[in-house]
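Please read all numbers here as calculations on a predicted model, not as lab measurements.
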There are 2 protein chains.
Amino acid sequence: MISDLSPEIPGDQQNTEAARRGRRAAGCDPAKRRQILDGARRVFIDLGFDAASMNDITREAGVSKGTIYVYFASKEELFEAIIEEERGKIFNNLYGALEGGGSLRETLIRFGMALSLKITCDKVIRAQRTVIGASERVPDLGRRFYERGPLHGHMLFTGFLQSAMDEGLLDMKDPPLAAYQFTDLCMAGLFRQCLFAYRTEPPSDEEMRYVVAAGVDMFLKSYGTVKLWELEAREAATE
Amino acid sequence: MISDLSPEIPGDQQNTEAARRGRRAAGCDPAKRRQILDGARRVFIDLGFDAASMNDITREAGVSKGTIYVYFASKEELFEAIIEEERGKIFNNLYGALEGGGSLRETLIRFGMALSLKITCDKVIRAQRTVIGASERVPDLGRRFYERGPLHGHMLFTGFLQSAMDEGLLDMKDPPLAAYQFTDLCMAGLFRQCLFAYRTEPPSDEEMRYVVAAGVDMFLKSYGTVKLWELEAREAATE
DNA sequence: GGGAAATCGAACCAATCGGTTCGAAAAATT
DNA sequence: AATTTTTCGAACCGATTGGTTCGATTTCCC
């Protein structure tokens, strides 16, 4: 079965002749595809879409140009495949931090750390720069990235806040707004500093922890309920 | 005196011959310079640095290519001149909002509105996208933009918070961090939404006011002192 | 109005772009 | 080992790039 060997490739042009004989269709070797994507990713993220040439990618990937065009129809298609991959790498396994247990404060700190560490690390910042730069001429690209990445995460986190509200731990008039406030507090200033290349290197773990803790404090001081204070006081007393 | 006519032009090559006769040196007509900058600004901000060609700029500015190269040595130099101008247009006259009088809460709302309205409007977002996109290959550009723009503003605002602290209205352990928290709260979510082209049009005045008011509430609930509450209560009573 | 100077406009440069083509070489299936 | 298929590598396409050059034209100062 072909899909066993290359499950992630859409089966639009299966090259049925070869398929019937149990042979791989042209442009369907997952390893080669990976090789191309990895090389192209480095080039695109280093140079941006425009400045990256297909010859650069050829060189970086160690694959001939003709072969690239067997796997991807155009520069745009290759680019979009890479952005999609990057989005997945950034946002997958991020919201598991919401389900690790512990007190509300602990969970918020754990989530805030995971979020802001990932969003401000060098690789991710470079990827975001590339998407933002391309958003001017290809708005759909930036839009899709945002919808499937940050927006999706925002809804998951809003749901988490809702459930904390149902438990009587938080009291918010506008949970979606509160979710935005929280995520922005967790990266106070740092996100823009990184985007504009003001920081030579990403925030350290300690700095991040300091900012996140301050953000969580501020957030809970605004939205925490009496029940939350009682819980926290009780917990502090037992230690 | 030449510098009276073109004060902003560096006098490196004054074409002394012509200057002695009271004539303008080549490439020193402020009006032409403006014409070129205006055309180039539109093209660069619409297309980004790479995709903008000098022929596009020629067309948009209504100036021959040879003339452009009399005023600017290269595409990069022209681009940097425009970014510098844009930075000035964005951040100048922004921090006057801090000095308009009124209560602390009123001032914070006024400043927050001015800040976030300006930073998320279409023109400014496009300019920022261009700078961020170019920051990958020309980090100095993004760095200078950030230092002379957002960072400078951050220091001004931190000073404002300090003086409010001196008056006993606020109590903060870390004023610079608090300044970041405030500015980020004022654009909760909106800044990233705009950057990634998720929003077709910038936030409305009402939406902005709603977000800013919520941010100011949160900020004051965290950092406001008893003295501030008394002041606000007294003011509310007299109305 | 005469003469100096700046601008224009178009041609021109070498280099590079994304994308295609094709025969030779390499791999893999039978 | 024979044969099918993929990949390679280089040449090639037309278009466009940033940048230069240069005579014709316009503008401006005396």
Q: Describe, in one word, how the ring planes of A:Phe91 and A:Phe145 are oriented to each other, choosing from parallel (under 30°), tilted (30 to 60°) and perpendicular (over 60°).
A: perpendicular
Ranking A:Ala73 and A:Asp56 by the position along DNA chain C of their nearest nucleotide, the one closer to 5' is A:Asp56
Is there a side-chain contact between B:Tyr69 and the phosphate of D:dT21, meaning an N or O under 4.0 Å from OP1 or OP2?
no
Between B:Asn92 and B:Lys118 the two heavy atoms that sit nearest each other are O-NZ, 3.5 Å
Check every strand shown and say whether B:Ala52 touches a base, only sugar-phosphate, or nothing at a heavy-atom separation below 4.0 Å. sugar-phosphate
Checking B:Arg33, B:Arg34, B:Arg41 against B:Glu85 for salt bridge (charged side-chain N to carboxylate O under 4.0 Å, His left out), the one that qualifies is B:Arg34
Does B:Lys65 contact C:dG9 through a side-chain donor or acceptor facing the base, at a distance under 3.5 Å?
no
Residue set satisfying ring pair (Phe, Tyr, Trp, His ring centres under 6.0 Å) with A:Phe111, at least two apart, ordered chain then number -> A:Tyr95, A:Phe157
Does a nitrogen or oxygen in the side chain of A:Tyr71 sit under 4.0 Å from OP1 or OP2 of D:dT7?
yes
Of the candidates D:dG9, C:dG19, D:dG18, the side chain of A:Ser64 sits closest to D:dG9
N/O donor-acceptor pair, side chain A:Lys75 with base C:dG19, under 3.5 angstrom: no
**OP:** Report yes if at least one side-chain N or O of A:Ser53 is closer than 4.0 Å to OP1 or OP2 of C:dT16; otherwise report no.
**Re:** no
Using a 4.0 Å heavy-atom cut-off, does B:Lys32 contact any base of the nucleic acid, only the sugar-phosphate backbone, or nothing at all?
sugar-phosphate
